[in-house]
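Okay, structure first, notes after.
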Amino acid sequence: MNFDALLSRLPTRWNLPAGFGFKNNPVLQRELLVNLRTNRAFILLAVYQVLLAAVTLIAWPSDERLDLTQSPPSARRLVDLFFLGQYVIASLIAPSFAAGTISGEKERQTYEMLLASPLRPGAIVLGKLVAALTHLALLIVASLPIIVLFLPLGGVSVYEVAAAYLGLFVSVILFGAIGVFCSSYFSRTSNSLVVSYLVILPLVIGGVLLWQSLAADGLLRLKVIVFVVPAFAISAVILMAAATASRLLYPPDVGSEGKEIIDLEQEAAEAVGLVIQPDQFPDRLFAPPRRESLMEDGANPVYDKEIHGEIFSQGTLMLRLVIQISILLAIPLMGVLLFWQTPHAPWFAVYVIVFNLLVGPVFLAGTFTSERERQTLDLLLTTTLSPWKIFWGKFVVGFRVAFVLTSFLVWPMLLGLVLNPDFYTNWVLVIGLFAVPIVVSVVNAFVAITASLYQTRTSMALMTTYVVLIVLYVLPPGMSTLASTLNLSSQTQRWVDVLGVTSPFRALFALPMDQHLLRVDESSLAYAGQPMLVVGYFVCSVAFTMIAMFLISIKMKRLGGHLE
């Protein structure tokens with residue numbers, strides 16, 4: 001055979017399957033154009049840079065002289081704070097971009113067209129995942145100029161910075177893959193978002209604890225981040241991407257508008273693990289059986305329709321996963337915090353509050369936005385029902401489901417408090433451990449339904465609720481930790497403590513403890529607590545509820561006039 005003929009048969013370049021290349025993947029190109037050209041992309045990038053710059057300015061070492069040959073601890077503390085902050089922020093942002101990649105197609109009624117396209121399922125998953133993480137990768141890369149400022153201070157080497165960025169990028173990819181994986185199993189972005197957060201939450205806590213525990217041994221931390229973490233993350237990403245592609249290749253039965261056909265009885269029969277039985281206690285508290293008789297006179301039809309049909313119209317998969325994941329985490333936490341490490345008992349109430357913060361808004365943030373998305377709000381307002389009756393019917397249903405799910409985590413706490421005699425002399429603490437989560441549940445419910453009234457899309461209402469609650473709950477203790485870590489002035493710390501009255505986390509750790517719970521010998525070492533901070537939190541919660549009711553009343557008047 002002629003040598004030239006042999007060369008002509010060789011491929012001129014290595015060709016990937018259709019859609020797997022970045023240049024010829026229409027899903028990736030479309031998602032990038034839509035995501036990166038929005039005003040939100042530029043605003044988020046600017047806000048992210050401003051926040052990092054502000055933290056850097058506040059945390060910059062105030063020492064007049066720094067001995068750069070001795071690795072000053074202030075510089076080390078600054079770098080650790082910088083990377084941990086980015087890690088937590090990335091864990092919060094990644095699911096918001098990835099959890100709606102496939103469920104959003106179902107909500108936009110384009111899921112069937114996506115399945116009918118000639119693209120391979122793997123190419124679709126790859127395009128969705130890369131597009132969802134590109135914006136977040138830009139945020140991380142944009143922080144490089146700030147970290148460069150830290151290097152001349154000493155305390156950290158270039159290799160540690162490179163390893164930290166490697167671990168950060170790998171973690172972001174893992175969080176995004178979790179979001180895409182959950183998105184393929186749900187038809188609503190809100191459901192996939194909350195399940196993603198529940199799965200990511202233990203990983204974030206474990207990552208922070210791993211980083212802090214290995215702080216004393218920089219070489220070991222470097223090896224773990226470079227070799228162990230990427231191996232674990234890449235394996236998990238490959239498995240989840242393959243499972244998502246397989247679900248796209250062999251999708252479940254879909255009806256009109258690309259919605260899955262769900263039979264609740266068949267779903268319960270095929271469920272693995274928890275099985276919800278609406279005719280038995282306590283399942284009927286949050287998932288009552290469908291009505292088989294006429295409603296009583298004077299009953300609220302909106303409440304009846306929401307509790308029997310709307311909440312679980314898309315199946316109970318999300319509900320079962322939420323219950324199983326939360327209980328799986330609650331059992332070891334109960335043993336550690338309520339029996340072994342009793343001085344840290346408020347952390348269990350923190351877990352209950354975080355659960356309600358993630359799950360509660362899902363059942364309330366879409367109460368009115370879903371009606372707008374289905375274009376049925378005008379029809380609902382033309383009925384003989386008053387807007388307030390519609391509001392209370394939707395509110396009571398969402399609050400009931402969220403409160404009952406949260407109460408499942410209260411039972412382990414109640415069990416631990418009853419079985420451990422150290423709590424018997426701490427009745428103020430016990431009352432606070434139950435009162436604070438109850439108040440949080442009420443405030444979360446009113447914030448979520450207010451966002452649902454003023455937003456037009458469920459995803460935006462849910463994100464608005466999360467942002468408001470994070471500002472109220474998480475920002476004050478974060479500022480307090482930052483002020484104490486950086487040894488700021490006492491006046492600054494007092495102002496930060498005043499802002500802490502909005503946070504239930506600060507209120508929990510302001511509850512008193514005696515020597516039995518602290519496990520010390522002398523009663524003089526007991527913790528008296530901060531009563532004014534606890535009272536201030538309850539006063540602020542009442543004020544926030546009144547503000548939400550005021551905004552709701554304004555919107556109700558507009559709805560009564562049919563101005564929507």
Side-chain angles (χ1 to χ4, degrees), residues 88 92 194 197-198 201 204-205 326 329-330 333-334 337-338 343-362 364-365 399 402-410 412-414 416-417 423 426-451 464-484 496-513 527 529-549:
V88 174
L92 294 175
V194 68
Y197 276 130
L198 287 176
L201 181 61
V204 174
I205 296 175
S326 61
L329 294 176
L333 285 176
M334 178 189 67
L337 299 176
L338 301 182
H344 302 291
W347 280 104
F348 192 91
V350 170
Y351 171 67
V352 176
I353 292 174
V354 171
F355 174 83
N356 185 269
L357 190 150
L358 294 176
V359 177
V362 174
L364 285 157
F399 180 75
F403 187 79
V404 172
L405 292 179
T406 305
S407 65
F408 283 169
L409 301 182
V410 176
M413 184 167 64
L414 179 61
L417 298 179
F423 290 96
N426 291 269
W427 59 271
V428 176
L429 173 67
V430 173
I431 294 176
L433 292 180
F434 287 98
V436 173
I438 292 174
V439 174
V440 168
S441 301
V442 176
V443 174
N444 292 354
F446 275 101
V447 172
I449 201 167
T450 303
T464 302
T465 303
Y466 284 150
V467 170
V468 172
L469 296 180
I470 287 175
V471 171
L472 293 177
Y473 297 169
V474 181
L475 188 59
M479 294 174 59
S480 177
T481 303
L482 180 64
S484 61
V496 171
D497 290 337
V498 171
L499 297 176
V501 296
T502 64
S503 174
F505 305 130
R506 294 294 307 278
L508 286 173
F509 290 98
L511 295 172
M513 297 184 187
Y527 176 59
Q530 298 175 276
M532 295 304 298
L533 182 59
V534 178
V535 174
Y537 164 70
F538 287 108
V539 172
C540 287
S541 299
V542 174
F544 291 142
T545 305
M546 297 302 295
I547 294 173
M549 285 299 300

Self-check item: With Leu533 via side-chain contact (heavy atoms from CB on, under 4.5 Å) - residues at least two apart
Solution: Val501, Arg506, Ala510, Gln530
Quiz prompt | Non-hydrogen atoms of Gly432 and Pro437 that approach each other most closely | solution = O-CD, 4.0 Å
Quiz item: With no hydrogens and no angle check, is any side-chain donor or acceptor of Ser480 less than 3.5 Å from a backbone partner on Pro477?
Solution: no
Quiz item: For Gly416 and Leu338, which heavy atoms make the closest approach, and how far apart are they?
Solution: CA-CD1, 4.0 Å
Quiz item: Does some side-chain heavy atom of Phe403 sit less than 4.5 Å from a side-chain heavy atom of Asn356?
Solution: no
Quiz item: Does a side-chain heavy-atom distance below 4.5 Å link Phe505 with Val354?
Solution: yes
Quiz item: Under the side-chain contact (heavy atoms from CB on, under 4.5 Å) test, which residues partner Ser541, sequence neighbours left out?
Solution: Val439, Val443, Tyr537
Self-check item: Side-chain (Tyr197) to main-chain (Phe355) donor-acceptor, under 3.5 angstrom
Solution: no
Practice problem: Applying side chain to side chain contact (heavy atoms under 4.5 Å, CB included), run through Phe446 and Leu364 and close with a yes or a no. | Solution: CA-CA 9 Å; Phe446 275 101; Leu364 285 157; over 6 Å; no
Practice problem: Report the distance from atom CG of Leu499 to atom CG of Leu472, rounding to the nearest 0.5 Å. | Solution: 11.5 Å
Exercise. Starting at OG of Ser503, measure out to CD1 of Ile470 and round the result to the nearest 0.5 Å.
Key: 12.0 Å
Self-check item: Heavy-atom closest pair, residues Val436 and Phe538
Solution: CG2-CZ, 4.0 Å
Quiz prompt | Test side chain to side chain contact (heavy atoms under 4.5 Å, CB included) applied to Asn426 and Leu511, step by step | solution = CA-CA 10 Å; Asn426 291 269; Leu511 295 172; over 6 Å; no
Quiz item: Taking side chain as C-beta onward, heavy atoms only, is Ser326 less than 4.5 Å from Tyr351?
Solution: yes
Exercise. Give the intermediate values and the outcome of side chain to side chain contact (heavy atoms under 4.5 Å, CB included) for residues Phe544 and Val447.
Key: CA-CA 9 Å; Phe544 291 142; Val447 172; 5.9 Å; no
Quiz prompt | Approximate separation, where rounding is to 0.5 Å, of Tyr466 OH and Leu92 CG | solution = 11.0 Å
Quiz prompt | Which atom of Leu429 lies closest to which atom of Pro512, heavy atoms considered | solution = CB-O, 3.6 Å
Quiz prompt | Distance-minimising heavy-atom pair for Thr406 and Ala402 | solution = OG1-O, 2.8 Å
Self-check item: Atom CE of Met549 with >12 non-hydrogen neighbours under 6.0 angstrom
Solution: yes
Quiz item: So which heavy atom on Leu433 is nearest to which on Met413, and how close?
Solution: O-CE, 3.5 Å
Quiz item: Mind checking whether Tyr527 and Pro343 have side chains closer than 4.5 Å, heavy atoms only?
Solution: no
Self-check item: Euclidean distance, Phe399 CZ relative to Asn444 CG, rounded to 0.5 Å
Solution: 9.5 Å
Quiz item: Hey, which of Leu337, Leu508, Leu333 is the one that makes side-chain contact (heavy atoms from CB on, under 4.5 Å) with Trp347?
Solution: Leu337
